[in-house]
Amino acid sequence: MCRGVPLDNNRIIASALLETARAYEFLDENPYKVQAYRKAAHAVLQLDEPLSGVLEKGGLSGIPGIGKTIAARIESWVRGHDFSDLEELRARIPSGLDELLKVPGLGMKRIRILHEQRSIGSVEDLMDAVKEGKVSGLRAFPAKFVSSLPRALERVMSYRGKFTIDLALAYAEEIRSVLAASGIQVHLAGQCRRISEIVEKIEFLVEGGEGEMDKIMGLLKEPRVEIKGGAYEMPPKAVRPALSFIFVSPDALAARLLIATGSAGHLDELKNIAAETGVEIDERGVYRKGEMIAARDEEEIYRLLGLQYLPPEVREGRDVEMALARSHTVPELIRREDVRGTIHNHTVFSDGTSTLEEMVLGARERGYQWIGISDHSRSAYYAGGMSQDDIAEQHREIDELKARYRDIEILKGIESDILADGSLDYPPEILERFDFVVASIHTGMDIDRETMTKRIVTALRNPFTTMLAHPTGRILLSREPYEVDMDAVLEEAFRNNVALELNANPSRLDIDWRLIEPFISAGGIIVLSPDAHTVEGLDDMEFGLKLARKGFLTAGACLNSFGAEGVRLFAKKI
DNA sequence: GCCGTTTTCGGCCCGACTGTTTTCAGTCG
């Protein structure tokens with residue numbers, strides 16, 4: 001697992017701890033031991049320095065959640081590069097365990113039954129067994145569930161080789177820095193540069209000759225390379241997408257970058273426009289009447305075509321981007337400095353792990369003028385939802401903090417579950433105590449489109465609803481969005497002055513960026529939320545911003561650019 | 001396996017939902 005490209009150390013160790021937890025769970029070990037490994041993984045991910053550094057400074061004993069046993073294991077992984085204990089565990093579990101766990105409805109117990117009674121150890125095994133009728137009749141496998149399996153299995157297989165943008169970008173940055181340290185300059189292109197929420201390939205342009213490829217393979221310790229369409233490609237692995245390297249001369253860099261970044265649709269459009277203007281763009285450079293034009297950068301190429309510059313993240317080939325570029329009306333997209341505050345954050349009052357004060361200080365450190373606190377409501381038992389007493393206590397604590405920290409505003413909020421009938425799970429006399437109300441669905445997602453649409457529309461019409469969080473419930477590469485008429489949701493949100501969330505958690509990125517531009521064009525307001533459960537979680541805002549830009553979000557249509565008082569007024573529908 | 005301590009053991013989140021369970025098992029969040 002640690003061979004190949006050196007991924008960020010802590011990420012590798014956390015993933016090894018999680019793998020250990022899964023293996024112990026499969027092997028039916030003490031569930032609290034399993035939980036301990038999960039907690040330790042979580043603790044490692046929260047560190048703000050590499051484990052090697054922590055070890056240097058005297059060890060892991062101070063980290064809550066890491067005791068003697070796990071500390072010793074981590075030390076042998078980090079210092080000794082010795083993963084033999086994990087490899088022994090791996091040999092005792094089915095090879096396809098991780099993928100099987102991604103199948104909705106398949107938990108560890110069912111997987112164990114499949115393994116013990118039918119020798120099923122992978123998604124392929126299970127597919128074959130279902131087709132041959134070998135799963136029907138097994139204990140804990142009701143007919144309806146079995147009949148849903150083929151589709152679910154196909155979906156899981158379709159996730160192979162795909163990664164969310166956060167992991168892809170982290171990996172790309174690792175590679176870039178490893179290569180840069182040896183004097184090899186690379187430029188990120190393709191899906192990563194375009195900020196696709198799902199990445200199948202990390203593409204680099206490399207300045208220099210193809211002779212560098214041996215050096216790159218040596219540095220990345222990756223022997224397998226195939227040549228496809230002029231690019232050197234390394235196939236995907238469990239921890240990263242496929243990699244691609246294209247070698248390019250300085251003259252052709254701008255044209256190559258343009259070609260390697262835009263979607264096929266965007267490039268087709270550019271070529272059509274180029275043909276109209278007598279310009280030719282290909283891998284060698286930019287030409288007019290056969291004469292090469294030395295385009296310094298992409299801006300110059302767009303200018304040559306009579307277009308306004310389009311930043312990489314919007315080059316998707318949609319009608320809207322080309323119309324804006326042709327008419328030179330591309331708006332100023334939202335930037336980090338436009339974000340004055342962050343809404344929808346959790347604390348230890350529900351399922352967050354940072355205290356109220358830590359979250360407030362975290363927001364202040366990040367330069368925010370205000371922070372909204374919205375812990376889970378009472379029906380969210382699974383997340384330690386707040387009772388009425390909890391709410392009163394939290395409000396007292398917020399008032400104390402407000403008195404102590406004058407340079408940041410704290411907004412009192414709640415993440416209130418949308419119940420089956422579309423009502424929020426507190427009555428008006430409680431909801432009115434908050435500065436804002438986040439409405440969201442956490443249960444009962446498997447209902448038909450019409451019922452779900454009605455349920456959400458009812459919540460949007462509730463006068464206390466300020467924003468709808470994670471509007472489609474999707475978890476990228478894991479859970480499909482629920483069935484819902486998004487046109488109706490957009491329409492109703494706009495009519496009731498409810499902001500739609502772009503959840504900035506890189507596994508959600510929900511609402512889909514494709515819906516942002518039509519929504520704000522109609523006058524709707526988007527809100528970017530990290531949905532932070534820890535102080536570090538606040539940093540997910542970065543991914544919200546990236547995807548918001550992709551959806552043509554402007555500061556004016558984004559609640560985060562409002563001042564605290566503006567947010568209060570928005571919530572009061574004034 | 002970790003933690004806390006009334007300190008070396010006992011507790012660690014748990015209710016809703018689904019299916020076919022006639023009293024519960026498994027999954028989910």
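Proteins come first, then strands; the chains are lettered A, B, ... in the order of their sequence lines, and each starts at number 1.
In this structure, of dC2(B), dA25(B), dC12(B), it is dA25(B) that holds the atom nearest to the side chain of Arg139(A). When distances run from any side-chain atom of Arg110(A) to the nucleotides dG29(B), dA25(B), dT27(B), the shortest one goes to dT27(B). When the nucleotides dC3(B), dG29(B), dC28(B) are ranked by their closest atom to the side chain of Pro64(A), dC3(B) comes out on top.
The existence of a salt bridge linking Asp128(A) and Lys134(A) is excluded, since no basic side-chain nitrogen approaches an acidic carboxylate oxygen closer than 4.0 Å. Under a 4.0 Å N-O distance rule, the pair Glu480(A)/Arg151(A) does not qualify as a salt bridge. Here Arg92(A) does not pair with Glu88(A) in a salt bridge; the nearest charged N to carboxylate O distance is not below 4.0 Å. Between Lys412(A) and Asp399(A), at least one side-chain N (NZ, or NE/NH1/NH2) sits under 4.0 Å from a carboxylate O, which counts as a salt bridge. Here Arg118(A) does not pair with Glu132(A) in a salt bridge; the nearest charged N to carboxylate O distance is not below 4.0 Å. Classification of Arg160(A) and Glu124(A) as a salt-bridged pair holds, one side-chain N sitting under 4.0 Å from a carboxylate O.
Regarding contacts with the backbone of dG11(B), every side-chain N or O of Gln35(A) stays at 4.0 angstrom or more from both OP1 and OP2. Dashed line: the shortest gap from a side-chain N or O of Arg479(A) to OP1 or OP2 of dG29(B) is under 4.0 Å.
Atom P of nucleotide dC17(B) and atom CG of Leu419(A) are separated by 10 Å, given to the nearest angstrom. Rounded to whole angstrom, the span from the NZ atom of Lys68(A) across to the P atom of dC3(B) amounts to 11 Å. Atoms OH (Tyr32(A)) and C1' (dG1(B)) sit 12 Å apart, rounded to a whole Å. To the nearest angstrom, C1' of dG1(B) lies 13 Å from CZ of Arg38(A). Ile113(A) places its CD1 atom 12 Å from the C1' atom of dT27(B), with the value rounded to the nearest Å. Protein atom CD of Glu25(A) is 13 Å distant from nucleotide atom P of dG26(B), rounded to whole Å. Rounded to whole Å, atom P of dC14(B) lies 15 Å from atom CG of Asp351(A). Counting to the nearest Å, the P atom of dC17(B) and the CG atom of Asp417(A) are 11 Å from each other.
One C1' atom belongs to dT20(B), the other to dG26(B), and the distance between them is 14 Å to the nearest Å. Between dG10(B) and dG15(B), the distance separating the two C1' atoms is 24 Å to the nearest Å. Atom C1' of dT8(B) sits at a distance of 15 Å from the matching atom of dG1(B), rounded to the whole Å. The separation of dC13(B) from dC2(B), taken at their P atoms, amounts to 16 Å, rounded to a whole angstrom. Using atom P as the reference point in both dT5(B) and dG11(B), the two lie 16 Å apart (nearest Å). For the P atom pair drawn from dC12(B) and dC17(B), the interatomic distance equals 25 Å after rounding to whole Å.
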(request) Could you run through nucleotides 19-24 of chain B and give me one letter per nucleotide, 5' to 3': B if any protein heavy atom sits under 4.0 Å from the base, S if only the sugar-phosphate is that close, - if neither? (result) SS----
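Taking the six-membered ring for Trp, His395(A) and Phe434(A) have ring centres closer than 6.0 Å.
Every residue two or more places apart in sequence or in another chain that forms a side-chain contact (heavy atoms from CB on, under 4.5 Å) with Arg139(A) is listed here: Ile113(A). In this structure Lys109(A) satisfies the side-chain contact (heavy atoms from CB on, under 4.5 Å) test together with Arg112(A), sequence neighbours excluded. For Ser440(A), the side-chain hydrogen bond (donor to acceptor under 3.5 Å, both in side chains) partners two or more places apart in sequence, or in a different chain, are Glu415(A).
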Give me the distances for all protein-to-nucleotides 7-9 of chain B N/O pairs that come in under 3.5 Å?
none

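Interface residues of residues 122-130 of chain A facing DNA chain B, ordered by number: none; criterion, heavy-atom separation under 4.0 Å.
Here dT8(B) sits opposite no nucleotide as a Watson-Crick or G-U wobble pair (both hydrogen-bonding atom distances under 3.5 Å).
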